[in-house]
Number of protein chains: 2
Amino acid sequence: MITTKNCIIRLSRYKNALYRLQALGFVKFFSDNLADAVGVTAAVVRKDFSVFGISGNKKGGYQIETLLEKLNSILGKDRLQKVVVIGAGHIGSALMRYRGFEKEGIKIAAGFDIDPSKVNRSSPVPILPLEEIKGFIKSHGIKIAVLTVPDIAAQEVVDIISASGIKGVLNFAPLRLKSPEGCIINNVNLEIELENLIYFVNVMEKTK
Amino acid sequence: MITTKNCIIRLSRYKNALYRLQALGFVKFFSDNLADAVGVTAAVVRKDFSVFGISGNKKGGYQIETLLEKLNSILGKDRLQKVVVIGAGHIGSALMRYRGFEKEGIKIAAGFDIDPSKVNRSSPVPILPLEEIKGFIKSHGIKIAVLTVPDIAAQEVVDIISASGIKGVLNFAPLRLKSPEGCIINNVNLEIELENLIYFVNVMEKTK
DNA sequence: CCCTTATTGTGAAAAATATAACATTATGAT
DNA sequence: ATCATAATGTTATATTTTTCACAATAAGGG
Ligand SMILES: NC(=O)c1ccc[n+]([C@@H]2O[C@H](COP(=O)([O-])OP(=O)(O)OC[C@H]3O[C@@H](n4cnc5c(N)ncnc54)[C@H](O)[C@@H]3O)[C@@H](O)[C@H]2O)c1
Ligand SMILES: NC(=O)c1ccc[n+]([C@@H]2O[C@H](COP(=O)([O-])OP(=O)(O)OC[C@H]3O[C@@H](n4cnc5c(N)ncnc54)[C@H](O)[C@@H]3O)[C@@H](O)[C@H]2O)c1
């Protein structure tokens with residue numbers, strides 16, 4: 001199904017909200033319950049569902065369990081998603097130590113670093129030398145990489161890993177990378193996130 | 001000036017791209033140069049500029065230096081922006097050790113944690129007990145907080161800090177917080193970022 | 001079994017955003 | 001000094017996204 005990034009982000013939010021509703025003991029929900037939980041309107045919820053052919057019962061709403069199955073299947077959460085982290089520095093290490101991804105069915109299969117002193121094959125997420133990445137990606141069928149290397153190294157690394165079979169990159173380096181053919185690059189740019197927040201806070205202060 | 005989040009993100013990107021052009025020795029640029037560098041169309045660049053009353057010279061383009069001054073002033077980068085980090089765990093520590101924010105005129109004035117063993121008043125970014133946050137925010141005039149506490153603590157902390165004067169929060173906890181009156185909350189949700197990437201990579205694979 | 005009510009599913013309207021078009025105007029060449 | 005040109009700035013157009021509105025319909029009560 002082809003759609004927009006925002007729509008898929010909403011599906012993730014619906015999924016998360018439904019788990020919370022389920023934990024509260026609910027077994028069914030209406031479009032406006034979910035809308036409230038996620039912070040959108042009921043029309044958006046129903047529209048999104050209709051895009052993916054998800055239907056409920058008129059007057060009866062939707063079954064949480066059924067919906068979660070559908071959402072999980074759409075989002076690929078019905079199977080373990082293995083990723084690698086490249087750059088075992090501050091942020092890379094934080095990510096590798098984070099337990100939250102496992103709960104989401106995302107497993108960091110390994111970290112990679114160019115610095116031999118970072119290599120550690122026996123840590124919970126093994127950290128391997130960069131040279132081994134190609135073989136690792138191939139043998140484990142990895143498609144997704146998280147890129148936490150210094151900005152000057154980022155483009156070079158993207159070119160290497162996409163040639164090795166990586167199809168999607170979550171890039172933390174604060175620059176726009178040229179994406180090689182067939183490779184999606186999403187960016188997490190914390191400097192820009194902060195700048196943005198600063199702007200809107202300042203605007204709010206001024207107009208007040 | 002009131003506008004959209006996307007527009008301000010583009011301004012940040014223009015700024016960053018202009019610094020790169022400047023480093024390459026350029027002193028002026030045309031809307032299509034900048035558009036290429038940022039990955040938008042020239043019309044968008046000129047539209048964004050016109051929103052903020054930024055004008056260039058017909059046939060002559062824009063002066064990089066002048067433009068940077070204007071963009072920096074719009075984005076509040078003409079003065080040091082102080083922020084605090086709350087939750088000195090894995091991700092909070094990574095942020096506090098990161099030098100990249102300083103280059104952007106963003107200073108992490110302090111970190112805060114509820115765990116006494118995390119307190120360290122003599123580290124480059126001092127880590128203080130949570131109890132001191134209210135006084136610190138007030139005395140330093142801090143408006144922005146980065147929230148890196150466990151998800152269950154996040155809402156409580158937001159309520160405390162917004163009551164203490166925080167106007168903008170960059171939240172890393174993977175849940176939707178209720179934003180108190182007059183407080184903007186932006187989210188960095190890495191689980192969702194990864195889910196999103198996984199979805200589009202899977203879709204690409206299937207339709208290929 | 002029919003009638004009321006609540007909620008879906010979707011098609012149409014509105015709003016927001018992006019793209020294109022072009023009239024305007026500086027620049028530099030002739 | 002005039003003209004051709006190139007790039008802006010803004011208006012118009014197109015597209016995308018969101019919101020609204022309501023017909024369709026399942027559920028439950030009398
Ligand atoms: N730490 C943060 O809070 C933060 C915030 C915003 C953005 N970032 C960005 O994230 C990236 C990483 O930041 P960090 O603070 O973790 O940096 P860091 O210096 O702590 O870590 C970078 C790691 O990458 C490794 N590395 C360098 N070149 C490599 C290569 N070619 N292949 C593999 N590994 C390589 C280094 O050995 C190091 O271990 C940077 O681009 C930075 O701008 C970090
Ligand atoms: N580490 C990651 O890579 C990562 C990735 C995605 C999301 N997150 C989110 O970021 C947040 C932090 O993650 P982390 O891995 O750094 O966790 P962490 O457990 O390493 O750190 C959390 C810190 O917050 C402190 N804390 C707890 N309650 C507090 C309170 N009320 N006030 C102040 N401090 C308090 C703890 O003492 C601890 O030092 C979590 O919400 C997590 O879900 C982290």
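Naming convention: chains lettered A, B, ... in sequence-line order (proteins, then strands); numbering from 1 in each chain.
- When heavy atoms are screened at a 4.0 angstrom cut-off, Phe49(B) is found touching no nucleic acid atom at all.
- The distance from atom CG of Leu130(A) to atom CG of Asp113(A), rounded to the nearest 0.5 Å, is 8.0 Å.
- A nucleotide of DNA chain C counts as in contact with chain B when one of its atoms lies under 4.0 Å from a heavy atom; the first and last such, 5' to 3', are dT17(C) to dT27(C).
- One can place CD of Gln63(B) at 14 Å from P of dA7(D), the figure rounded to the nearest angstrom.
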Query - Where protein sits on nucleotides 21-30 of chain D, one letter per nucleotide: B base, S sugar-phosphate only, - none, heavy atoms under 4.0 Å - result: B--BBBB---

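- Contacts between residues 16-28 of chain A and DNA chain D, defined by a heavy-atom separation below 4.0 Å, involve no residue at all.
- Rounded to whole angstrom, the span from the NZ atom of Lys47(B) across to the P atom of dT13(D) amounts to 13 Å.
- The CG-P distance, from Asn6(B) to dT16(D), rounds to 16 Å in whole Å.
- The side chain to side chain donor-acceptor pair (under 3.5 Å) test applied to Arg79(B) returns no partner, not counting sequence neighbours.
- Residues that satisfy the ring-ring contact (aromatic ring centres under 6.0 Å, His included) test with Phe30(A), not counting sequence neighbours, are absent from this structure.
- Judged as a ring-ring contact (aromatic ring centres under 6.0 Å, His included), and not counting sequence neighbours, the contacts of Tyr62(A) are Phe29(A), Phe49(A).
- Atom CZ in Phe29(B) sits roughly 13 Å away from atom P in dA7(D) (whole-Å rounding).
- Screening residues 32-59 of chain A for salt bridge (charged side-chain N to carboxylate O under 4.0 Å, His left out) gives Arg10(A)-Asp48(A) as the qualifying pairs, with residues at least two apart or on separate chains.
- For Ser50(B) and dG9(D), the shortest distance from a side-chain N or O to OP1 or OP2 is not below 4.0 Å.
- Under the side chain to side chain donor-acceptor pair (under 3.5 Å) criterion, Lys15(A) pairs with Glu104(A), Glu195(B), not counting sequence neighbours.
- Every ring-ring contact (aromatic ring centres under 6.0 Å, His included) that Phe112(A) has, sequence neighbours left out, goes to Phe136(A).
- The salt bridge (charged side-chain N to carboxylate O under 4.0 Å, His left out) analysis of residues 178-194 of chain B, with sequence neighbours excluded, yields the pairs Lys5(A)-Glu193(B).
- The phosphate of dT18(D) has OP1 or OP2 within less than 4.0 Å of a side-chain N or O from Arg10(A).
- Not counting sequence neighbours, Gln22(B) has no partner by the side chain to side chain donor-acceptor pair (under 3.5 Å) test.
- Contacts of Phe172(B) classified as ring-ring contact (aromatic ring centres under 6.0 Å, His included), with partners at least two apart in sequence or in another chain: none.
- In this structure the side chain of Leu147(A) never reaches within 4.5 angstrom of the side chain of Leu170(A), judged on heavy atoms.
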